Amino acid sequence: MLENLNKYHVLLASKSPRRRELLKELRIPFNPISIGNIDESYPDTIPAEDVPQYLADRKADAYLPIIKDNEMIITADTLVIKDNHIFGKPHSSEEAYDMLMELSGDTHHVVSGVCILTKDRRTSFTSTTEVRFAKISHEDAKYYIENFRPFDKAGAYGIQEWIGFIAVEWIKGSFYNVMGLPIHRLYQELKTF
């Protein structure tokens, strides 16, 4: 569909299987890549809502020295934010449980930063989705943690998984953003290259 991208070898700089799945649905040929060991720290002075864009740009900066003339690199970062507190990926079952209980019965925001980089152009944007969780029982949280994979997901949940079916009351914004890639906005931006 996006014939303007035929001049590029599109590279998705992400290990996320969900991002790969979403980009594949756009019918754009691409290859996943990862140089690894990119520093994902950020200054404490950055507002929480700006951190995903900061990290997406930081990831793009890591690829800048090695990008070729015919390559396009897409980087992204997604975080869950509630009351100015950032929920990244949990490191343990206990941390995943605590995150789910903190999100339970309340509203939070999922923010994705995306950067599209070529040798001579760079475009960055942010997408925000508001998500309302129903009250989650302790048993439901434990069941999800034991039977699914919350450890590679910001906020310890995947909206497209069981917990999303039972806990998400409503969203305002892009569903796919909550999965990790605001695919509609990405498509609009790619059309301009």
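Please read all numbers here as calculations on a predicted model, not as lab measurements. In what follows, residues are counted from 1 in the order of the sequence shown.
Nearest heavy-atom pair across S174 and P182 is OG-CA, 4.3 Å. The two residues A60 and L117 make their nearest non-hydrogen contact at O-CD2, 3.5 Å. For T75 against A13, the heavy-atom pair with the smallest separation is CG2-CB, 3.8 Å. What you find for C115 and S124 is that their closest heavy atoms are SG-OG, 3.5 Å. The minimum heavy-atom distance between M101 and A141, with the atom names listed, is CE-CB, 3.6 Å. Taking each heavy atom of S92 and E95 in turn, the nearest pair found is OG-N, 3.0 Å.
Applying the 6.0 Å contact sphere to NZ of K89 captures no more than 12 heavy atoms from other residues, nucleotides or ligands. Taking a 6.0 Å sphere around NZ of K24, one finds it holds 12 or fewer heavy atoms contributed by other residues, nucleotides or ligands. Within a 6.0 Å sphere centred on NE2 of H9, heavy atoms belonging to other residues, nucleotides or ligands number more than 12. Open room surrounds OH on Y176; 12 or fewer heavy atoms of other groups in view lie less than 6.0 Å from it. By the neighbour-count criterion of 12 heavy atoms within 6.0 Å, atom CG of N37 is sparsely surrounded, having that number or fewer from other residues, nucleotides or ligands. Around CZ of R149, the count of heavy atoms belonging to other residues, nucleotides or ligands within 6.0 Å does not exceed 12.
V178 and I166 end up in the same hydrophobic cluster when Ile, Leu, Val, Met, Phe, Trp and Tyr side chains are linked at under 4.5 Å. Side-chain heavy atoms closer than 4.5 Å link hydrophobic residues (I, L, V, M, F, W, Y) into clusters, and following such links, possibly through other members, connects I171 to M99. There is no path of hydrophobic side-chain contacts, each under 4.5 Å, that joins Y63 to L181.
Q53 places a side-chain N or O within 3.5 Å of a backbone atom of V114 that can act as its donor or acceptor partner. Distance alone, capped at 3.5 Å, is enough to place a donor-acceptor pair between the R20 side chain and the S14 backbone. D83 places no side-chain N or O within donor-acceptor distance of the main-chain N or O of H85, the cut-off being under 3.5 Å. N4 places a side-chain N or O within donor-acceptor distance of the main-chain N or O of L190, the cut-off being under 3.5 Å. A distance-only check finds no donor-acceptor pair linking the side chain of R185 to the backbone of N177 [under 3.5 Å].
With rounding to the nearest 0.5 angstrom, the CZ atom of R58 is 4.0 Å from the CG atom of D39. Distance CD1/I73 to CG/N31: 11.5 Å, rounded to 0.5 Å. Residue R19 holds its CZ atom at 10.5 Å from CD1 of I183, rounded to the nearest 0.5 Å.
Proximity of I145 to L100: side-chain heavy atoms (C-beta onward) are separated by under 4.5 Å at one or more points. Residues R132 and D106 form a side-chain contact, since some pair of their non-hydrogen atoms from C-beta on lies under 4.5 Å apart. Between L11 and K68 the shortest side-chain heavy-atom distance does not fall below 4.5 Å. Within the 4.5 Å cutoff, the side chain of M72 has heavy atoms near those of the I116 side chain. Annotation: side chain of S112 is not in contact with side chain of P52 (no heavy-atom distance under 4.5 Å). A 4.5 Å side-chain heavy-atom check between E49 and N84 finds at least one atom pair inside the cut-off.
Ionic pairing of E25 and R27 is present here: one or more N-O contacts between side-chain nitrogen and carboxylate oxygen are shorter than 4.0 angstrom.
The hydrophobic cluster around I81 extends to Y42, I46, V51, Y54, L55, L79, I86, V111, counting ILVMFWY residues whose side-chain heavy atoms fall within less than 4.5 Å of a member.
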Under 3.5 Å, which donor-acceptor pairs do the side chains of residues 157-165 form with other protein atoms, sequence neighbours left out?
from, atom 1, to, atom 2, distance (Å)
Y157, OH, H108, NE2, 2.7
E161, OE1, Y144, OH, 2.3
E161, OE2, K153, NZ, 3.2

(message) Under the criterion side-chain hydrogen bond (donor to acceptor under 3.5 Å, both in side chains), I'd like the reasoning laid out for R121 against T192: C-alpha separation, chi angles, the key distance, then a yes or no.
(response) CA-CA 11 Å; R121 184 171 168 196; T192 70; 3.0 Å; yes
